[in-house]
**Student:** 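Okay, here's the structure, questions in a sec.
Lettering follows sequence order; numbering is per chain, from 1.
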Amino acid sequence: MLKTFTQKVRAVVARIPRGEVRSYGEVAKLAGNKNGARAVGSIMRANHDPNFPCHRVICSNGKVGGFNLGKEEKIRKLRSEGAKISGDKII
DNA sequence: CGTATGACGTGCA
DNA sequence: GTGCACGCCATAC
């Protein structure tokens, strides 16, 4: 039973289809807090699960945002899944 | 409980 | 497009 914001966020991010991306704000909204974009970032940063697709969460402006292993690695993963990226921005 | 920090978002110059 | 200030939320101490 998902009741905490963190758990909901994890569930939402886990549902993101391969090759697709979702902004922190969108995830936060789907999780219940439309203004919890920053909280989502904190949760993602705290998560260390390599099996968790936290790399599919980007900024609302199209930027890839950040990543524990470096944004370059994040971009590489997204590209591997079929996402279109120009520089550090999603197309 | 209060403060500081951070993988954000929006508005404005 | 770029840079800065403010607001928002979760977590660590």
Side-chain angles (χ1 to χ4, degrees):
Chain A
M1 192 47 194
L2 308 167
K3 41 193 178 76
T4 66
F5 184 63
T6 305
Q7 292 287 293
K8 290 181 184 175
V9 170
R10 285 192 199 173
V12 173
V13 175
R15 283 177 207 156
I16 301 176
R18 182 176 175 282
E20 293 278 321
V21 294
R22 204 45 81 113
S23 70
Y24 296 94
E26 286 294 303
V27 175
K29 188 171 183 280
L30 292 171
N33 290 305
K34 59 188 180 87
N35 289 355
R38 202 151 187 183
V40 173
S42 294
I43 296 164
M44 296 295 100
R45 189 173 74 82
N47 181 64
H48 273 49
D49 196 324
N51 209 302
F52 189 75
C54 53
H55 55 272
R56 290 180 193 161
V57 188
I58 62 169
C59 298
S60 64
N61 62 339
K63 295 261 184 163
V64 297
F67 199 58
N68 280 334
L69 309 175
K71 63 181 182 183
E72 294 299 324
E73 193 62 33
K74 181 172 180 178
I75 293 170
R76 202 160 79 154
K77 277 178 173 285
L78 290 171
R79 279 187 152 185
S80 266
E81 297 187 348
K84 308 261 186 286
I85 306 178
S86 176
D88 60 338
K89 284 207 272 200
I90 305 290
I91 301 184

**Student:** For Lys34(A) and dC8(C), what is the distance between atoms NZ and P respectively, to the nearest whole Å?
**Tutor:**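 In whole Å, dC8(C) P lies 10 Å from Lys34(A) NZ.
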
**Student:** If you only use heavy atoms from C-beta on, which nucleotide in dC8(B), dT11(C), dG1(C) is closest to the side chain of Thr6(A)?
**Tutor:**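 The answer is dT11(C).
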
**Student:** Is it true that Phe52(A) and Phe5(A) fall in one hydrophobic cluster, defined by side-chain heavy atoms closer than 4.5 Å?
**Tutor:**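 Phe52(A) clusters together with Phe5(A).
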
**Student:** Would you mind telling me which residue lines up with the more 5' stretch of DNA chain C, Val40(A) or Lys63(A), judged by nearest nucleotide?
**Tutor:**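 Closest to the 5' end, via its nearest nucleotide, is Lys63(A).
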
**Student:** Between Asn33(A) and Asn35(A) (side chain of the first, backbone of the second, donor and acceptor by atom type, cut-off under 3.5 Å), is there such a pair?
**Tutor:**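 Here the side-chain-to-backbone pair does not exist.
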
**Student:** Got a second to check how far Arg56(A)'s CZ is from Arg22(A)'s CZ, nearest 0.5 Å?
**Tutor:**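 Output value for this atom pair is 12.0 Å.
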
**Student:** Taking only the side-chain heavy atoms of Ile43(A) (C-beta and beyond), determine which of dA7(B), dA10(C), dC8(C) contains the nearest atom.
**Tutor:**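 Selected nucleotide (nearest to the side chain): dA10(C).
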
**Student:** NZ of Lys3(A) versus C1' of dA10(C): gap in Å, rounded?
**Tutor:**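 Atom NZ in Lys3(A) sits about 16 Å away from atom C1' in dA10(C).
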
**Student:** Select from Ser42(A) and Ala37(A) the residue whose nearest nucleotide in DNA chain B is closer to the 5' end of that strand.
**Tutor:**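 Closest to the 5' end, via its nearest nucleotide, is Ser42(A).
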
**Student:** Under 4.0 angstrom, heavy atoms only, what part of the nucleic acid is Gly65(A) near: base, sugar-phosphate, or nothing?
**Tutor:**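 The answer is nothing, as Gly65(A) stays clear of every strand by at least 4.0 Å.
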
**Student:** Mind checking what makes side chain to side chain contact (heavy atoms under 4.5 Å, CB included) contact with Thr4(A), not counting sequence neighbours?
**Tutor:**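 Only Thr6(A), Gln7(A) meet the side chain to side chain contact (heavy atoms under 4.5 Å, CB included) criterion with Thr4(A).
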
**Student:** Between Lys77(A) (side chain) and His55(A) (backbone), is there a donor-acceptor pair under 3.5 Å?
**Tutor:**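 No; judged by distance alone, with no hydrogens or angles, the pair does not exist.
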
**Student:** Among dA10(C), dA7(B), dG9(B), which nucleotide has an atom closest to any side-chain atom of Ser60(A)?
**Tutor:**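 So the nucleotide nearest the side chain must be dG9(B).
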
**Student:** Under the salt bridge (charged side-chain N to carboxylate O under 4.0 Å, His left out) definition, can you give me all pairs with a residue in residues 63-73 of chain A, not counting sequence neighbours?
**Tutor:**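 Residue pairs with at least one partner in residues 63-73 of chain A: Lys63(A)-Asp88(A), Glu73(A)-Arg76(A).
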
**Student:** Phe67(A) has a side chain; which of dG7(C), dA7(B), dG9(B) sits nearest to it?
**Tutor:**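 Comparing dG7(C), dA7(B), dG9(B) against the side chain of Phe67(A), the answer is dA7(B).
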
**Student:** Respond yes when some side-chain nitrogen or oxygen of Asn33(A) is under 4.0 Å from OP1 or OP2 of dA10(C), and no when none is.
**Tutor:**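 Checking dA10(C) against Asn33(A), a side-chain N or O does come within under 4.0 Å of OP1 or OP2.
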
**Student:** Which is it for Val21(A) and Ile16(A) under the side-chain contact (heavy atoms from CB on, under 4.5 Å) test, yes or no, and what are the steps along the way?
**Tutor:** CA-CA 7 Å; Val21(A) 294; Ile16(A) 301 176; 5.8 Å; no

**Student:** Please list, for nucleotides 11-13 of chain B, all pairs of protein and nucleotide N/O atoms separated by less than 3.5 Å.
**Tutor:**
none

**Student:** At less than 3.5 Å, do the side-chain atoms of Arg38(A) and the base atoms of dG7(C) form a donor-acceptor pair?
**Tutor:**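 Answer is yes: a donor-acceptor pair is held.
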
